[in-house]
Amino acid sequence: MKKLVKGNEAVVIGALVAGCDAYYGYPITPASEIAHAASEYFLPLGKVFVQAECEVGAINMVFGSASSGQRVMTASSGPGISLKMEGISYLAGAQLPCVIVDVQRVGPGLGNIGPEQSDYFQVVKGGGHGDYRAIVLAPASVEETYRMSIEAFDLADKWRSPVFILTDATLGQMMEPIDIREVETHRSEKPWALDTRAESNDNLVTSIYLDFDDMEAHINRLHSKYQQITDEEARAEIYGADVPDIVLTGYGITGRMLRSVADKLNECGIDATLIRPQTLWPFPSKTYQEIVKPGIPVLSVELSRGQFVEDVRLALPGHKVKHYGRVGGNLPELGELVEQAEMLLQEARND
Amino acid sequence: MTKVYQKSPAFFDTFERKPSMQKTTHYCPGCGHGTLNKIIADQIAELGLQDQTIFVGPVGCGVFIYYYFESASVSAAHGRASAVATGVSRANPDSITISYQGDGDLAAIGTSNAIHAANRGENMIVFFVNNNIYGMTGGQLAPTTLIDQTSATSPTGRSIKNDGYPLRMAEMIAGLEAPTLVARVGVNNPRNIRQAVKVIKRGLEIQRDKKGYVFIEVLSQCPTNWRKEPKEACEWIDEVVCKQYPFGVFKDLAEERGAVERPCKRVEFDAIADQLGLTADDEDASQKIEMLQDELRFKFAGFGGQGILSLGMMMAQMSMERNMEVTWLPSYGTEMRGGVANCSVVVGKKAIGSPAVDNPNVLVALNRPSLDKFGPMVPGDGLIIYNSSLIDQVPDDLQGKVYALPATDLASEAGTVKAANVVVLGFVAQKTGMFGLADLEAFLADTFKKPSLLEVNLKAVKAGWDAAEET
Ligand code: SF4
């Protein structure tokens, strides 16, 4: 059943289809439609919706509901995600499944409400204190936002981990059709959860281990889980030529724009391949290593002055990777990106 | 009277969650926490509520409360126990959710979360342990530290000028409408303990009956950081502390209040589909729009209130129903507050790259600023449709094919100026050849359920269509 919706609404519909029980959030542009849609749909269905007193309150309500075994979510944009970071560290430490949406806007500081992809470090590399990781999904369309929203709840349950959906002001505000159907989801048994049965009396959800050795063992357990996630969950879309003259890469909104750039280049007889990571952590490094042969130039595009590109470079040691970014709320134009690609090809030929 | 000195069945037999010394608590000798824990445990056991009880532990000396109570437990971040307890209580509507917090946790770093949980009247019981000092971190100033009382961070005593006044949380919370029971009790002598037992039992009964929020402030002695012998510390509460923080029940509405039920349901897909207003598709999946190009990029612009965004949405919706790829992107936020609105619509045969439209194939400008701003961006083979009812001067640097459409006048003739966007819809559909007049009419019939409104819009779309045929 097709419905034309904003990316922000698609997140909520995906959550409903995934069986999300509770939404806790605080309004912020450009993520507010998520709270609007959640209040519109959750309450009449008898699900939990609370507009929290602050972002910190919201993420800690998520913590409470998640420790009770619920499928639970929250959403915000950069400044709000900064505030949630403390809670996200606790969620990771206590291994609690939940879904967090970041509709990226412009920063630092108050910035503005236009699109950027400058929360990459904050969301993908940690942001909160301590040695933890969180799965990060990066949709590039409203339909993919919807599908990833469903999947995020399964991943969160499967790995007992917070899962981010990282979008931006454009993806959140734009409308595209989504196809809404019943899907099979995989809600895990949660014998560790807090509830009102006698069997749960001995259950304890915590991130504190006073004994250094106990704590080290806990962190090591987390990291063997992270290794497994890295091995099993990294994903990217590959589009275009098998043997490329140039590789284009970007995630989310820039990833989809690069698809058009690849088409344009291919029309001009240049074989271009797009690598669009769908998971940012784990980063699909292997995909890059398989596709990018020595000497092939790589153009990495993002709406920031160079955060995502660091992971591309880490995946391709010793390789020439050129970064191109627009910031401040501006999206690059198609012609602008084609020109960057052509310039890079020219440079590569001259090298 | 409850036997305070016997181990409660609500406690663990040995404190297995404790890494070492599993027979004794981690509290210092003479600390009020131990007595309070015992009273809570006894009352939980007496009311038979152990299984339903879920503890939310704070950061502070109460952090290890889960060592002792054999109930489901969770440890919250510093100050966040009331927010965590909100999540626990909402997820477990039948629980006795207990948020156990100290004065730094509740009255300083977590005040906002505490006040708002109280104000929502969450089904939870909050124990606020006020010993007017930071215990665990080593005796620093608390919001509750008495005037002139020394602490690790007020070595010469609390100064009103520098630190403000001691905070009376119970009185603050009692000032809110939602809470059901608000009281301050002590655990420093048998008389106070007897009163504490009564109040705590009542609080638990309120929770059992789901009658809302309970706040019990407990004046508790911290011999260690007060640098007093346990006995002396207990006396100091009666002599000094309770002058600043008087004992009493500030509010008790248990008799008047009914149960507060907050649902927490799982639902089937059909219920969700109903809620979303989904109907089974009856569209023909093979139906497509014939377009000469792979992609048509539209920009609709005008004043806020001219129906610009919904015009774009109608184009997108109709294209979607014909199985085209479509994107709709609004201008929003500050951009809209200036009174101009615009949206970009892309209709394509294959996956659309950028949803932003910089060089539109079709521009609709319903006011002068829009035409001035976007007109010059339309390439030579593009269409520019402007609202000649409101725009009398056309910039001379336009390259696209320009059409003057008196949209506002035609809409007004049809019945309301508000239908100017639908006039445009008719015009654009005819000029681009994307939809037939009958398609438009069927779409409007789906959109406008009110007959009078539908009639006006049908007239408007026809007027736009006819105008396009004539030019
Ligand atoms: S420091 Fe004070 S409050 Fe903490 S356990 Fe010791 S006596 Fe009790």
Side-chain angles (χ1 to χ4, degrees), chain A residues 1-4 13 16-17 19 21-22 24 29-30 41 44-48 50 52-54 56-57 60-65 67-68 70 86-87 90 113 170 173-177 180 182 194-198 200-208 210-211 214 256-257 259-260 331 333-334, chain B residues 17 19 50-52 54 56 63 66 70-77 80 83-92 94-95 112-113 115-116 120 262-267 269 271-273 275-276 278-281 283 313 316-317 320 326-330 332-334 351 353-356 358:
Chain A
M1 290 169 263
K2 270 208 233 164
K3 192 170 161 73
L4 185 67
I13 297 174
L16 283 173
V17 170
D21 303 300
Y24 301 98
T29 312
Y41 300 139
L45 286 168
K47 291 174 178 290
V48 179
V50 177
E53 57 275 11
C54 59
V56 179
N60 282 285
M61 292 173 196
V62 166
F63 189 96
S65 270
S67 53
S68 308
Q70 284 198 318
E86 175 203 43
Y90 279 75
I113 58 174
T170 308
Q173 296 295 324
M174 69 187 276
M175 283 179 136
E176 281 182 303
I180 306 165
E182 187 167 10
L194 314 177
D195 59 41
T196 52
R197 298 165 312 132
S200 82
N201 284 358
D202 288 351
N203 287 357
L204 170 64
V205 173
T206 189
S207 58
I208 183 169
L210 273 194
D211 182 85
D214 289 350
R256 77 181 276 162
M257 294 171 95
R259 208 185 155 93
S260 305
L331 294 175
E333 292 183 19
L334 190 60
Chain B
R17 287 170 176 169
Q50 183 180 358
D51 297 344
Q52 291 101 295
I54 303 176
V56 181
V63 64
Y66 58 78
E70 190 170 6
S71 285
S73 301
V74 51
S75 28
R80 309 302 159 215
V84 172
T86 298
V88 168
S89 168
R90 295 294 182 114
N92 292 286
D94 298 326
S95 66
S112 157
N113 300 132
I115 298 266
H116 286 279
R120 286 188 301 267
R262 294 188 175 92
C264 171
K265 284 201 289 206
R266 292 195 183 162
V267 296
F269 180 79
I272 297 166
Q275 186 62 36
L276 295 172
L278 298 180
T279 43
D281 322 69
E283 304 117 40
M313 246 182 254
Q317 178 77 31
M320 176 189 89
V326 336
T327 62
W328 173 95
L329 178 70
Y332 63 100
T334 46
S354 177
D358 301 302

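Because the structure is predicted, anything quoted here is derived from the model rather than measured. Note on naming: letters A, B, ... go to the chains in the order of the sequence lines (proteins, then strands), and numbering restarts at 1 for each one.
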### Message
Taking B:Arg266 first and then A:Asp21, would you say they form a salt bridge - that is, a charged N and a carboxylate O separated by under 4.0 Å?
### Response
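The answer is yes: the pair qualifies as a salt bridge.
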
Options [options], ranked by heavy-atom pairs under 4.5 Å with chain A, top entry:
| options | value |
| --- | --- |
| B:Ser112, B:Gly353, B:Ala351 | B:Gly353 |
| B:Asp358, B:Thr86, B:Asp94 | B:Asp358 |
| B:Val56, B:Ile115, B:Val63, B:Leu276 | B:Leu276 |
| B:Ser89, B:Ser71, B:Ser73 | B:Ser73 |

Kindly give the heavy-atom pair with the smallest separation between [X] and [Y], and that separation in Å.
| X | Y | answer |
| --- | --- | --- |
| A:Val48 | B:Pro263 | CG2-O, 4.0 Å |
| A:Gly57 | B:Ala83 | O-CB, 3.7 Å |
| B:Val267 | A:Leu45 | CG1-O, 3.5 Å |
| A:Met1 | B:Phe269 | CE-CE2, 4.0 Å |
| B:Ala91 | A:Ser65 | CB-OG, 4.0 Å |

A side-chain contact here means heavy atoms from C-beta on lying under 4.5 Å apart; do [X] and [Y] qualify?
| X | Y | answer |
| --- | --- | --- |
| B:Met320 | A:Lys2 | yes |
| B:Tyr66 | A:Ile208 | yes |
| B:Arg120 | A:Val50 | yes |
| A:Gln70 | B:Cys264 | yes |
| A:Thr170 | B:Pro355 | yes |
| A:Tyr90 | B:Arg80 | no |
| B:Asp51 | A:Thr196 | no |

At a heavy-atom separation under 4.5 Å, does [X] approach chain B through its side chain, its backbone, both, or neither?
| X | value |
| --- | --- |
| A:Glu86 | side chain |
| A:Leu331 | side chain |
| A:Ser67 | side chain |
| A:Leu334 | neither |
| A:Tyr41 | both |
| A:Ala22 | neither |

What part of [X] lies closer than 4.5 angstrom to a heavy atom of chain A: side chain, backbone, both or neither?
| X | value |
| --- | --- |
| B:Ile54 | side chain |
| B:Arg17 | side chain |
| B:Ala271 | both |
| B:Asn113 | both |

Max heavy-atom pair count under 4.5 Å with chain B, selected residue of [options]:
| options | value |
| --- | --- |
| A:Ala52, A:Pro44, A:Gly64 | A:Gly64 |
| A:Lys47, A:Glu333, A:Arg259 | A:Glu333 |
| A:Glu176, A:Glu53, A:Lys3 | A:Glu53 |

### Query
Once you round to the nearest 0.5 Å, how far does CZ of B:Arg90 lie from OG of A:Ser68?
12.5 Å

### Query
In a check of side chain to side chain contact (heavy atoms under 4.5 Å, CB included) between B:Val74 and each of A:Thr206, A:Leu204, A:Asn203, A:Val205, which one passes?
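Exactly one candidate clears the test, A:Val205.
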
